[in-house]
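Worksheet for the structure shown next.
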Protein chains: 2
Amino acid sequence: MDPAEFQRPLNFCQACAVRNRAICADLDEGEIDLLNRIGRRQRLRAGDQLLWEGDEAVLVANVVEGVLKLSTQTADGREQILGLAYPSDFLGRPFGQLTPYGVEALTDALVCVFQRSDFDRFAREHPRLEHKLLERTLTELDRTRRWMLLLGRMSAEQKLAAFLIEMSERLSPATCAAEPGAIDTLELPLSRQQIADVLGLTIETVSRQFTRMKAEGLIDLPSRRDVRILQRAALEDRAA
Amino acid sequence: MDPAEFQRPLNFCQACAVRNRAICADLDEGEIDLLNRIGRRQRLRAGDQLLWEGDEAVLVANVVEGVLKLSTQTADGREQILGLAYPSDFLGRPFGQLTPYGVEALTDALVCVFQRSDFDRFAREHPRLEHKLLERTLTELDRTRRWMLLLGRMSAEQKLAAFLIEMSERLSPATCAAEPGAIDTLELPLSRQQIADVLGLTIETVSRQFTRMKAEGLIDLPSRRDVRILQRAALEDRAA
DNA sequence: CGAATTGTTGATTGAGTTCAATGCAGGTGG
DNA sequence: CCACCTGCATTGAACTCAATCAACAATTCG
């Protein structure tokens with residue numbers, strides 16, 4: 001890995017792509033400086049593991065670029081992906097002993113990492129940060145609960161349609177936060193197997209649904225990882 | 001309803017059954033007094049609705065006694081229960097505009113209700129409360145994510161076994177928090193239909209699984225709402 | 001007691017899994 | 001440059017578990 005990645009510029013927060021959306025958004029200059037001192041940036045390659053399920057929770061992190069997956073194993077070794085993390089999302093378990101799920105980079109990624117002990121202390125001393133983290137956690141809980149509905153009640157077709165819609169929304173110009181502009185051409189950061197693990201399906205079912213949606217003209221599949229949404233409204237209907 | 005339920009004793013927090021476990025646990029006397037002033041206790045009958053999905057979020061609450069369900073509807077009208085709330089659990093969506101799910105009492109219940117605006121203000125002025133709420137929300141997020149695994153990957157048998165194990169743990173002497181002592185005789189606060197909605201199954205499948213577990217000697221069913229766990233270890237194996 | 005609600009049981013169906021074969025792209029080395 | 005491998009993805013066929021449809025039993029309630 002390039003050793004330059006580990007150098008610490010005077011204050012990397014200032015140029016941070018997620019500066020206005022992540023939990024550090026409300027901090028003032030002095031606080032940012034302090035936070036900057038206890039954190040470091042780390043670049044991850046697709047496939048790199050950042051946190052291991054069950055490990056002692058020593059790290060927390062903020063996603064700056066890229067997409068990561070949170071996952072856990074079933075007793076029989078299959079994987080269930082618990083969620084995906086996009087830029088400005090928070091990773092890890094503050095104020096807890098154990099990391100409750102594994103975190104792995106799906107694409108090349110850039111994260112802002114803290115020792116949990118440092119972060120916990122900082123958070124307790126800076127209520128504005130803690131408040132942001134609370135808001136984010138509440139939002140994430142809502143999102144996760146809505147996803148339960150998907151897993152518990154939806155058909156394979158509905159699951160994949162919903163997945164594609166969500167992807168197109170969260171993958172849109174990674175930079176912008178405000179406008180929820182969805183894009184129609186997307187490069188999936190997940191393999192078929194990983195999509196299956198997100199949706200609680202098998203790879204074969206995912207593949208068949210892709211094929212069917214393509215045959216029906218809802219989407220086009222220029223290559224394995226590329227999807228073009230041709231009829232968004234119709235796709236949204238299927239996701240109902 | 002008994003009007004005595006609405007009287008406000010000088011400080012009902014002092015005698016509160018969940019005083020040491022709920023988010024108010026770390027507050028000092030003065031803070032408790034203030035909180036006491038903005039909240040009120042409300043008794044609910046089984047079946048009463050406390051919050052409606054999609055409504056403006058005007059209330060938040062703490063569960064003191066009883067079991068409530070959080071739920072949402074699918075487009076085609078079926079219900080998915082997103083989670084259950086037990087004593088000391090927190091309900092509602094602080095710092096948010098909309099209530100993201102409905103809340104209904106499954107048993108008679110006692111809750112401690114706040115206007116969201118009052119609560120939000122109080123929370124922002126009292127970081128210790130906000131911290132407790134954050135810890136609780138993080139724990140709830142972890143629990144919810146583990147439940148996703150259940151919905152996404154488990155068979156009907158595994159789902160029901162896991163449900164019974166969890167119930168027996170969370171229903172145990174509602175008073176105690178520390179010791180995780182599970183009980184072997186429980187009165188279910190849910191109908192068959194509601195269990196089905198929690199587990200993402202149909203009522204028939206739930207019924208069949210109950211019958212089978214009874215036939216296999218894992219449990220006994222003295223009545224519709226009563227379950228006696230006869231072989232906990234074996235039941236836990238099924239929940240794997 | 002009869003009506004209504006809730007739960008159980010049986011028969012059938014079907015969506016999604018499993019097992020198995022084939023296709024396809026990106027390397028690697030002869 | 002092409003043959004060959006390897007890992008992912010697609011397609012097909014058989015099977016399975018849970019959903020659905022339907023009848024019936026048990027409780028609850030007026």
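A quick note: this is a predicted structure, and the numbers were derived from the prediction, not measured.
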Inset, instruction - Can you figure out which of D:dT10, C:dT9, D:dA18 approaches the side chain of B:Ala156 most closely? - result: D:dA18
Inset, instruction - Classify the nucleic acid contact of B:Arg192 as base, sugar-phosphate or nothing, counting any heavy atom under 4.0 Å across all strands shown. - result: sugar-phosphate
Inset, instruction - Specify the separation, in whole Å, of atom CD of B:Gln209 and atom C1' of C:dG7. - result: 15 Å
Inset, instruction - Give a yes or no answer on whether the side chain of B:Arg228 reaches the backbone of B:Asp220 with a donor-acceptor pair at less than 3.5 Å. - result: no
Legend entry - Below 4.0 Å: OP1/OP2 of D:dA19 and any side-chain N or O of B:Thr202: yes
Inset, instruction - Among the candidates D:dT10, C:dG7, D:dC21, find the nucleotide nearest to the side-chain atoms of B:Ser191. - result: C:dG7
Inset, instruction - Rounded off to whole Å, could you give me the CG-to-P distance for the A:Leu151 and C:dA15 pair? - result: 20 Å
Legend entry - Atom pair distance, as rounded to whole Å: CD1 in B:Ile203 and C1' in D:dC21: 14 Å
Legend entry - Taking every non-hydrogen atom, the tightest pair across A:Ala109 and A:Gly66: CB-CA, 4.1 Å
Legend entry - Sidechain N-carboxylate O distance under 4.0 Å for B:Glu140, A:Arg145: yes
Inset, instruction - Consider the side chain of B:Ser207, meaning its heavy atoms from C-beta on, and name the nucleotide among C:dT8, D:dT11, C:dT6 that approaches it most closely. - result: C:dT8
Inset, instruction - Look at B:Arg170 together with B:Asp89 and state whether they make a salt bridge at an N to O cut-off of under 4.0 Å. - result: yes
Legend entry - Among C:dC24, D:dT10, C:dT17, the nucleotide that comes nearest once only the side chain of A:Leu201 is considered: C:dT17
Inset, instruction - Could you tell me whether B:Ser223 contacts a base, only the sugar-phosphate backbone, or nothing, with contacts defined as non-hydrogen atoms closer than 4.0 Å? - result: nothing
Legend entry - Whichever of A:Thr205 and B:Arg208 has its nearest DNA chain C nucleotide further upstream toward 5': B:Arg208
Legend entry - Closest to side chain of B:Glu204, choosing from C:dA20, D:dA26, D:dT20: D:dT20
